[in-house]
Enquirer: 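Let me give you the structure first, and then I'll get to my questions.
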Amino acid sequence: MTTYITTPIYYVNAQPHLGHAYTTIVADTYSRFRRLCGDTVRFQTGTDEHGDKIVEAAAKEGVSPKEYVDRISGLFRDTWPLLDIVPDNFIRTTDRNHVLTVQKILQQVYDKGDIYFDEYSGQYCTGCERFLTEKELVDGKCPDHLTIPDEITEQNYFFRMSRYQQDLIDHIKANPEFITPERYRNEVLSFLSEPLEDLCISRPTSRLTWGIPLPFDDNFVTYVWFDALINYLTGLDYPGGEKFDPYWSVAEHVIAKDILKPHAIYWPTMILSMGLPLYQKLHVHGYWNVDETKMSKSIGNVVRPAELVEEYGVDCLRYFTLREMSFGLDASFSSEAIVARKNSDLANDLGNLYSRSTAMLVKYTDGVVPEPVSSEDDTVLRDLAVSVIATYKETMADFQFHRALQAVWELISQANKYIVTNEPWALAKDSGRTERLHTVLYNLAESLRLLTLLLQPVMPGTCKKMAVGLGLEEGSPLVTDLTSCGAWGKLVPGAELRKIDSLFPRVDAKKKKQPVKEESQKTNNKKKKQNHSLSEEGGITFDQFQQVELRVAEIVSAEPVNKSDRLLKLIVKAPEERVIVAGIAEYYAPEDIVGLQVLIVANLKPVKLMGVESQGMVLAAKVEEDGKSRLVLSAVSASVPAGSKVA
Ligand code: ME8
């Protein structure tokens, strides 16, 4: 199979922001997914460099348009490697071969009689680089740029778009997959239910010279959209290039809804006029908003991808954007949202599963993947893995990335539960249960292997590390071939684990000391006095008991405190994350307690223990046996939401 996937070519009137990054991450992830399925893939992105907007932006900087486009196009090109985005082709509309292709196509369409000369007046939006119809205006303004369009009357060349209206309607109706999600298909069909006006495809050189000259009239340059859309063909060396036939027949475009009309109406009618087959699919996504407003360079509320990478890491950014946005709908960006995804989904769920499982493999089988014995006890994990793989394949192919990731996280959560239920540390203490211990550890290693395979398109760097840690060779089909290895039980026992750094260093969510409200401080003081006298009477009141805030906390991570044999530093969720230092190191290994739910005192004043600030206390039973005492952690009898109050 072959895949040709494209992003829009971005205007170089400003630097890349999260919106551009998202579309390009989507196309990169999809191309990696297709490669995982064995496809030959071509992935193209690039920059759109002609038109009024570029001239304006260059003038603002006091440089020539050419100098300006070279610089900004370079910024786009340099941003993609930072995001682990690897296009096969980066196209610029100022490239010589693109200019020649546009001119060839214009001549062909002109010769066919689909381009004519006429006078036109209309409402021109510079932001959109196109005339808007009355119907599109909201309160007389462009709804995307919130500016009043200019009234322009001029003589120009027009493309007979109306001639292809019915063919396009028929095609969309006969091919439900042509424009997805369905809401955008419906939007286009609704637009096409009114007569289509012809498209003005030139600009007089008296007004604009920064464009591709019309081959049949050098008093005009080509309208930027007629020029830009053709990039999808130029990138295949059309006409006559070898790449054209295999790739054009499978072309898929990814865009946001802002440019639906040019891609779903101008472009197909242009292709029909050229006598070529239409592209296969148009995948349309929503906007990244900040506080309900579209992130946009003209509004100035942009978030820079390079800064996000620096702060959170590239794979966290890729994961966050794909998981947070339901493809087709709008999503909101906030740093709180990305921190939450990083700490919860990546560090807690995936990171912990990986570190606990590999730590146990190192501890109990010297880091060698052991031989499993098939067991009925493991069907839940195995069956879930099989169904997750099926859902993943279907949803990734369908651009439902958030659903694919949800499914993968079900497997992560099941594997984490599997550890808690099977208690490998208990199996390890019983020499009669070695076979079972090996089976449990194999199943954990196999789960990690499958996760490495499935997450590869989304988090390539992390998965490379995970594969190394699992002792797999670079490029091993076990983690790069979904067709032959996307099934349970492919991991071969005997692989030797290698040590890797932690997958996702946690973002230190600013240590939130529980602020004690003035009111309760006062009551505390009052109660203190009462406490003294009451305790003399041999008991505390219910009021006093209520001052102690007990909560259920989930242990998210555990590690020894430096230079202490007794203390473990725990990060717990209750429901906010906090550090608690507990004197349980003699009784519990850190990896054995991650995931446990314990009871804590949540409103103790923070204290420093061996240099680590402890924000609470874990409750444990003190058991006296044979003259020795040991601690057994408190627990609840069923899993409950972290942070539940103990009444
Ligand atoms: O329209 N949310 O270029 P452009 C999500 N040159 N995606 C966003 C976004 C946001 N807030 N803002 C931008 C052009 N994008 C033309 C395209 S193609 C032949 C010519 C992304 O720089 C999204 O992909 O304005 C959107 O469609 C594209 O950037 C618009 O980029």
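Along the sequence shown, the residues carry numbers beginning at 1. All of these numbers come straight from a predicted model, not from anything done at the bench. Whatever order the structure lists ligands and atoms in, that order sets their numbers, starting from 1.
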Enquirer: Considering only heavy atoms of W225, which atoms of ligand 1 have at least one such atom less than 4.0 Å away?
Expert: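 With W225 as reference, the close atoms of ligand 1 come out as 16 (C), 17 (C), 18 (S), 19 (C), 20 (C).
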Enquirer: Do me a favour and list the nearest non-hydrogen protein atom to atom 1 (O) of ligand 1 with residue, atom name and distance?
Expert: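 Here the nearest protein heavy atom works out to I259 CG2, 3.4 Å.
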Enquirer: Looking at CD of Q44 and OH of Y4, how far apart are the two atoms once the value is rounded to the nearest 0.5 Å?
Expert: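 The distance works out to 3.5 Å.
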Enquirer: Which atoms of ligand 1 are found less than 4.0 Å from any heavy atom of T23?
Expert: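 With T23 as reference, the close atoms of ligand 1 come out as 21 (C), 23 (C), 24 (O).
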Enquirer: For atom 8 (C) of ligand 1, what is the nearest protein heavy atom, given as residue, atom name and distance?
Expert: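 Checking every protein heavy atom, the shortest distance to atom 8 (C) of ligand 1 gives G19 CA, 3.4 Å.
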Enquirer: If only side-chain N and O atoms count, and only distance matters, is there a donor-acceptor pair under 3.5 Å linking T462 with D315?
Expert: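 Yes.
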Enquirer: Going by the atom numbers of ligand 1, which of them fall below 4.0 Å from some non-hydrogen atom of Y287?
Expert: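 Every atom of ligand 1 under 4.0 Å from some heavy atom of Y287: 2 (N), 5 (C).
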Enquirer: Of all the atoms in ligand 1, which lie at a distance below 4.0 Å from a heavy atom belonging to A228?
Expert: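 The atoms of ligand 1 under 4.0 Å from a heavy atom of A228 are 19 (C).
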Enquirer: Which atoms of ligand 1 have any heavy atom of M295 under 4.0 Å away?
Expert: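 Under 4.0 Å from M295, ligand 1 has these atoms: 10 (C), 11 (N), 12 (N).
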Enquirer: Just which atoms of ligand 1 are under 4.0 Å from any heavy atom in D48?
Expert: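 Listed by number with element: 6 (N), 16 (C), 20 (C).
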Enquirer: Cut-off 3.5 Å, side chains only: do Y10 and H17 have a donor facing an acceptor?
Expert: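 Per modelled atom types, Y10 and H17 side chains form no pair under 3.5 Å.
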Enquirer: At what distance is the nearest protein heavy atom to atom 30 (C) of ligand 1, and which residue and atom is it?
Expert: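 Answer for atom 30 (C) of ligand 1: D258 OD2, 3.6 Å.
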Enquirer: Could you tell me which atoms of ligand 1, counted from 1 in the order shown, lie closer than 4.0 angstrom to a heavy atom of N231?
Expert: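 The atoms of ligand 1 under 4.0 Å from a heavy atom of N231 are 19 (C).
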Enquirer: Does any N/O atom on I255 come nearer than 3.5 Å to any N/O atom on ligand 1?
Expert: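 No, there is no polar N/O contact under 3.5 Å.
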Enquirer: Less than 4.0 Å is my threshold; does some heavy atom of K257 fall inside it relative to ligand 1?
Expert: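 Heavy atoms of K257 never come under 4.0 Å of ligand 1.
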Enquirer: To check your reading of the model: name the closest protein heavy atom to atom 3 (O) of ligand 1, its residue, and the distance in Å.
Expert: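 Residue, atom and distance for the closest contact: Y11 CD1, 3.3 Å.
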Enquirer: Please determine whether any non-hydrogen atom of Y232 lies less than 4.0 Å from an atom of ligand 1.
Expert: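 In this structure, Y232 qualifies as a contact of ligand 1 - some heavy atom is under 4.0 Å.
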Enquirer: Report the residue from Y22, W288, F401, F504 that forms a ring pair (Phe, Tyr, Trp, His ring centres under 6.0 Å) with F320.
Expert: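 The passing option is W288.
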Enquirer: Taking only heavy atoms of H285 into account, list the atoms of ligand 1 that are under 4.0 Å away from them.
Expert: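 Near H285, meaning under 4.0 Å from one of its heavy atoms, ligand 1 has 5 (C), 7 (N), 24 (O).
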Enquirer: In terms of residue, atom name and distance, what is the protein heavy atom nearest to atom 12 (N) of ligand 1?
Expert: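 Among all protein heavy atoms, the one nearest atom 12 (N) of ligand 1 is H17 CE1, 3.2 Å.
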Enquirer: Can you confirm whether the side chains of E136 and T133 place a donor and an acceptor under 3.5 Å from each other?
Expert: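 Looking only at side-chain atoms, T133 and E136 do form a donor-acceptor pair, the distance falling under 3.5 Å.
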Enquirer: Among A331, G286, P262, A21, whose heavy atom sits nearest atom 5 (C) of ligand 1?
Expert: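 Checking each option, the heavy atom nearest atom 5 (C) of ligand 1 is found in G286.
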